[in-house]
Amino acid sequence: MVLTTEKPEAAPMRAASGPNRVKPSAKKRPKGWWLPFALIAPAIVFELLIHVIPMVVGIWMSFIKLTQFYIANWSAAPFVGLGNYQIAVNFDGAQGQALLSSFLITCGFTVLVVGLSWGLGMAAAVALQKAFRGRAIFRTMFLIPYAVPMYAGIITWKFMFQQNTGVINQILGSLHLIDPNNPPFWLIGNNAFGAMVIVAIWKLWPFAFLMLMAGLQTINEDLYEAASLDGAKPFRQWRNITLPGLGAVNNVLLLVLFLWTFNDFNTPFILFGGGEPPAGDLISFHIYNTSFITLNFGFGAAMSVLLLLFLMLVSAIYLVSINRRSRRA
Amino acid sequence: MKKRVLGAAAIFAAAALTLAGCSGSTGSGSGGDAGGSITYWASNQGTSLQNDKDVLQPLLDKFTAQTGVKVNLEVIGWNDLQTRIQTAVTSGVGPDVVNIGNTWATSFQATGAFLPFDDSAMGAIGGADKFASTALSTGGAAGQTATSVPLYGYAYGLYYNKAMFAAAGLTPPTTWEEMVADGKKLTDPSKGVWGTSIEAGSYTENNHFAFITSAQNGGSFFDGSGTPTFTESQNVDGIKRYLDLMQTDKIADPADAQYSTGTESIANFAKGTAAMIFNQNNAEANLTADGMDASQYGVVPIPAPSAGKPAASFIAGINLSVFKNTKNKDAALKFVNFITSADTQSALGKPFSSIPVLKDATPTFTTDPAIATTFSNIYNNLSEPLPTVPLEASFETEVGNAMNTLFATVATGGSVSTSDIESALSTAQEKVAASN
């Protein structure tokens, strides 16, 4: 709505500064000139409401001391400038150290989850590229984790990972891979990291599979025929035909997988419930805990802004390097 | 493309705020019609959220019939309650009356979002004199006007299995050392039987025992001015003593390190795979549901070390607060008066297994008069209030979580020394101090 009221002012201005043959008159406007603006207005309004305003408020929050003493009346919260940021990046302090370790855990988590999800997705997509009996069944089966409601899926994993009653330890025990009298814990201690990675991959790889499968449909079958006539082995075909053919898909896919995984909140939140093990302290979960449980919203906002800057930086470098490469090609 | 990506990151950056914003745009919680209507957020005290509704609704209908004030009830689980209240405080949009864990009282008081129960507000709900003084002491920081009044009282006790104790020729322990010795006699890992079962993965339970064991040592987690003193030796030793139930005494199953719902240890006790449990006095409903009759167990105060102070619990319970920005203050106070009245309290005592918070009220939370006497004694004479300082909520979370991690270390085969506990507490203290 803001835009529709601004536009009529802009038009006469242009007319006044322009050459004389343009008559300064609203009559000149074609019928229905407002329609495009009216159509786009809801999108703009919601973009402002949902993205821009919360972001600006979040940035403002990061500069004030918004603790339990001020959350009922934000305007009374003292301005602390970069104080919250200083605490966050002071790696000698407890908070800075905790943030750093959470950041490093998240980096390791992201590399493993994105790498393995992409690898699994690619392997499955290539395996199902050629038509064979029962292909549709496999395709459907592989997509099930993506279709299961996230909460239900993760809570099921939580049951399976229980130390004394979980099915995972029962299976491992019956295969004699673990000592059945002293089964390992999966949701506490250092194994929690591995459990979290497994659940996140289970949740994420069908998406990679779906995207890559769609991408594969666009590659011309003739290329493969020609390559096999020239004696190219499957791996060579994959490297020289499939991978370049999927270039555009991969560019987007990897970025999206990275952002989703780095921001993953649901997996640790549902898997570990209230008491998270240090090995499962992903960064968004860490920020949530700081903000809500210890009632320090200013500090939480500062960490969020740092995270935002980091993700913007990585995304920008990634996109620039991809653009360069595609220009060279 | 790029914009979208940045947008996605932006959503995240403002996650906390968006949450607040969501509820902010839905309008006021209270109806605000002439006869008056209020919104009441109740905590989960019964066996399920539905059970709470079933218990409360008839009483609320009675209140409406008496006063003409309509009450919109919402029962909120413990996982969400603190966050929901914080969101309501932050956005200024919430219920009129709310249940809070009484240990949060001072932290919430510090936000300034709740109505102080000054003389006139106290008068409207029947006067401060109607409450037992132990219960009333949890209402807020000492020396300030309380922003909450007691609703339900709870206390910890040591539940022991009568048959198992008799078979081993034991009597209920009166000191911590006796309890450990009894536990060792009753533990037989090859049969899956343990002296005790603890909720070692629950940060709230862990924090409660950090407090109780420290109080037994004469320690405290905050000094008189509200500054954290986590690393005091009494606190470190207390936590060590509790961890050692699993680490060196080996009377608790390492599997307990994963217990966090508050019901697993009760289930073990009912099954006879744990001879003793520490639990608040609301275990009866769960034990009955798990097939254990009240005649099969006894309760004694959690024993202190022979050289220690006889602290057996903290003053646990649920308090009631009124949001300061309520549009219907009179109706809200009428409701507080009603739900803390003798009749309503006695009706709620049994379904919610609570110790009366009113003076001279008769306990209705158990069928066993001996257990009722024991818990009333613990609550009124052997319980200490948790620190009434604004940092209390952060203290609970940070120290409790630190203990989760320490228990995880023990359970996964590591060892925890006094200096490990000290450094964990020092980290927790630094984090808590930072949110001041």
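First the proteins, then the strands, lettered A, B, ... as listed; each starts at 1. Bear in mind the structure is a predicted one, so any value in this text is a computation, not a measurement.
In this structure, E430(B) and A94(A) approach most closely via the heavy-atom pair OE2-N, 2.7 Å. Counting all heavy atoms, side chain and backbone alike, A255(B) lies closest to F185(A) at CA-CZ, 3.7 Å. Smallest separation of non-hydrogen atoms from I71(A) and Q86(B): CD1-O, 4.4 Å. Considering all non-hydrogen atoms of both residues, A408(B) and G189(A) come closest at CB-N, 3.9 Å.
Within the structure, salt bridge (Lys or Arg N to Asp or Glu O under 4.0 Å) contacts touching residues 79-95 of chain B (residues at least two apart or in different chains) are E74(B)-R84(B).
In this structure, V89(B) and Q68(A) have side chains that are not in contact, with every pair of non-hydrogen atoms separated by 4.5 Å or more.
Looking at Q162(A), both its backbone and its side chain come within 4.5 Å of chain B, counting heavy atoms on both sides. In this structure, no portion of F323(B) lies under 4.5 Å from any heavy atom of chain A. Contacts between S107(B) and chain A at a heavy-atom distance below 4.5 Å involve backbone atoms as well as side-chain atoms. Of the two parts of W186(A), only the backbone, made up of N, CA, C and O, holds a non-hydrogen atom closer than 4.5 Å to a non-hydrogen atom of chain B. For F258(A), no part lies near chain B; criterion is any non-hydrogen pair under 4.5 Å. Of the two parts of E398(B), only the side chain, counted from C-beta on, holds a non-hydrogen atom closer than 4.5 Å to a non-hydrogen atom of chain A. Heavy atoms closer than 4.5 Å to chain B are found nowhere in A279(A), neither backbone nor side chain. Neither the backbone nor the side chain of S260(B) has a heavy atom closer than 4.5 Å to any heavy atom of chain A.
Put simply, CD on Q258(B) and OG1 on T165(A) are 7.5 Å apart, with the number rounded to the nearest 0.5 Å. How far CD1 of I188(A) is from CG of N404(B): 8.5 Å, rounded to the nearest 0.5 Å.
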